[in-house]
Undergrad: 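Pasting a structure here, questions to come.
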Amino acid sequence: MIREKIWTRNFIVVCLSSFFMFLTFYILATAFPLYVKESLHGNQQQMGLAITIYVLGGVLIRPFSGQWVDKFGKKKMAVIGLVLFLLACIGYFGANGIVLFLVIRFIHGMSYAVASTATSTIASTLIPFSRQGEGIGYFSMFMSIAMVIGPALGLFLWKDENIHVLLLGVCVIAALSLLFTLGVRMPKEEKDTVKEAVKETVKIRKGLRWSDVIEPKALPISLVGFTLAFSYSSLSGFIASFTKEINQSQLTGYFFVAFAIMIVLFRPLIGKVFDKYNEHILIYPGILIFAVGLLSLSQAKSGFMLMFSGIIMGVGYGALMPCFQTLALKLADKERRGSANGTFFLLFDLGYGAGSYIMGVVASYTDYRMMYEVAGFVTLISVAVYYLLHHLPQSKLRVQKSKADVA
């Protein structure tokens with residue numbers, strides 16, 4: 001039996017587009033809190049706000065982004081989102097005051113929500129259904145690599161505390177993301193599906209319903225993703241300040257490199273295991289490993305412990321992220337993949353934004369060590385969230401289906 005191909009030209013192109021978009025996101029997620037602290041003399045809460053206001057823009061538009069992708073087309077919405085994304089990057093050059101800066105951050109977050117939902121949905125469309133776990137794993141690997149290269153590159157671009165150098169770099173990267181999306185060639189059936197969807201929408205739906213913007217089948221696993229993002233936010237926003245506090249700032253970039261290596265190393269295996277076996281085999285150990293990594297980080301005093309924590313967390317996060325996203329897509333109907341993607345990223349972004357602010361509050365009233373301890377315990381709570389919202393309901397559905405088949 002010949003296996004259907006994952007690595008087509010179009011899949012590679014959309015992966016690269018997603019990589020550059022997320023690279024921009026993580027560069028700014030790391031550098032802007034430092035900009036607020038060192039140039040605007042803000043505190044930990046205000047550092048978190050530089051991320052939270054961005055995520056808030058995404059959260060408010062995310063429920064509609066999935067619907068727009070399903071209604072108007074994946075590529076069209078990806079291009080619109082990335083054009084606005086690039087314009088927002090350019091807009092930072094004129095943001096001389098904190099208020100205008102935050103307004104542009106908000107708009108930037110909205111454009112990111114549309115673009116990321118659309119590109120992720122394009123990728124899922126291009127992947128053979130029989131290899132969805134493996135394919136989404138590869139696609140999210142590019143996002144994970146950006147998640148790791150981004151902070152290190154952000155620190156490098158900010159090393160002279162020159163905001164114009166930083167912004168010039170992200171504008172070039174955002175432009176590359178747009179160019180790669182323009183190069184994607186969607187299958188013919190995509191265009192036909194969009195036309196039919198628009199006709200049906202005009203003919204049947206007269207009002208906006210909650211189910212139009214939120215995919216109920218993807219909601220339980222998306223809530224688990226919320227807890228993961230809440231905990232992860234403590235890394236990208238505050239790790240640079242923490243390593244400086246423990247006199248290990250020279251290892252910050254290497255921390256993210258170690259994190260990335262473990263994600264890339266295990267990603268092909270993760271996808272194959274997901275497609276072949278039950279998802280619980282990956283998710284329960286992944287949650288526990290990520291929690292151990294955060295708790296180890298909270299106790300780190302040496303470079304060895306810092307790097308060990310990065311390695312452990314890379315394994316855990318690398319297992320969890322593609323599993324959650326793939327489940328959100330597979331549980332939804334085919335024509336609702338855009339909404340499923342939008343639902344997943346809505347909750348993930350909401351967790352990331354809420355975590356960035358709340359973790360900043362925790363750090364401001366205690367210290368970074370306590371903040372990472374809290375993040376570790378929040379991760380452990382997600383075991384119960386996963387069991388109650390996904391594992392238990394899915395087990396009951398399988399039992400009911402088995403009884404129906406026997407009958």
Side-chain angles (χ1 to χ4, degrees), residues 19 22-23 26-27 29-30 137-156 225 227-274 281-325 348 352 355 359 368-380 382-383:
F19 168 76
F22 280 100
L23 186 62
Y26 285 109
I27 287 172
T30 303
Y138 287 130
F139 176 75
S140 62
M141 181 178 71
F142 282 82
M143 182 174 69
S144 299
I145 295 171
M147 179 184 71
V148 177
I149 295 175
L153 185 54
L155 293 172
F156 174 77
T227 59
L228 176 67
F230 189 99
S231 300
Y232 174 75
S233 67
S234 62
L235 290 180
S236 60
F238 302 100
I239 190 68
S241 298
F242 175 64
T243 54
K244 186 176 181 179
E245 186 179 89
I246 63 172
N247 300 314
Q248 299 294 334
S249 57
Q250 74 278 7
L251 293 178
T252 306
Y254 294 109
F255 171 88
F256 285 109
V257 169
F259 195 101
I261 287 174
M262 302 314 293
I263 289 173
V264 174
L265 192 63
F266 286 95
R267 186 53 56 84
L269 177 63
I270 295 297
K272 290 177 181 177
V273 170
F274 182 92
I281 292 174
L282 291 168
I283 290 177
Y284 284 118
I287 292 172
L288 294 174
I289 291 169
F290 190 68
V292 168
L294 282 167
L295 294 172
S296 298
L297 182 62
S298 73
Q299 303 304 309
K301 295 179 181 178
S302 65
F304 172 80
M305 278 299 293
L306 182 70
M307 298 304 294
F308 174 77
S309 301
I311 290 170
I312 292 296
M313 280 186 282
V315 174
Y317 190 91
L320 294 173
M321 187 63 180
C323 289
F324 290 161
Q325 191 176 358
F348 193 86
Y352 188 85
M359 290 300 172
Y368 291 116
R369 292 188 185 281
M370 178 60 71
M371 181 191 72
Y372 285 118
E373 287 179 11
V374 171
F377 285 117
V378 169
T379 304
L380 289 174
S382 66
V383 172

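Side chains are part of it too, since the values below use all heavy atoms of this structure and drop only hydrogens, waters and symmetry mates. We number each residue from 1, following the sequence as shown.
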Undergrad: Could you list the donor-acceptor pairs under 3.5 angstrom formed by side chains in residues 301-320, with sequence neighbours left out?
TA:
unit_1, atom_1, unit_2, atom_2, d
S302, OG, M305, N, 3.3
S309, OG, L297, N, 3.1
S309, OG, M305, O, 2.8

Undergrad: What's the separation between atom NZ in K244 and atom CD1 in I246, rounded to the nearest 0.5 Å?
TA: 13.5 Å

Undergrad: Got F255 and I239 here, is their nearest side-chain heavy-atom distance under 4.5 Å?
TA: yes

Undergrad: Run the side-chain contact (heavy atoms from CB on, under 4.5 Å) test on Y26 and L153 for me, step by step, so that the C-alpha distance in whole Å, both residues' side-chain angles and the decisive distance to 0.1 Å come before the verdict.
TA: CA-CA 9 Å; Y26 285 109; L153 185 54; over 6 Å; no

Undergrad: Less than 4.5 Å apart, any side-chain heavy atom of M321 and any of F348?
TA: yes

Undergrad: Write out all pairs satisfying side chain to side chain donor-acceptor pair (under 3.5 Å) with one or both partners inside residues 371-380, taking only residues at least two apart or from two chains.
TA: S231-T379, Q299-E373

Undergrad: Relative to the ring of Y232, is the ring of F259 parallel (under 30°), tilted (30 to 60°) or perpendicular (over 60°)?
TA: tilted

Undergrad: With a 4.5 Å cut-off on side-chain heavy atoms, are L251 and T243 touching?
TA: no

Undergrad: side-chain contact (heavy atoms from CB on, under 4.5 Å), that's the test. Do F256 and I149 meet it? Break it down for me.
TA: CA-CA 7 Å; F256 285 109; I149 295 175; over 6 Å; no

Undergrad: With sequence neighbours left out, write down each residue that passes side-chain hydrogen bond (donor to acceptor under 3.5 Å, both in side chains) with S298, or none if nothing qualifies.
TA: none

Undergrad: Hey, is the main chain of F242 close enough, under 3.5 Å, to the side chain of R369 for a donor-acceptor pair?
TA: no

Undergrad: What is the distance from atom CD1 of I289 to atom CG of L294, rounded to the nearest 0.5 Å?
TA: 12.5 Å

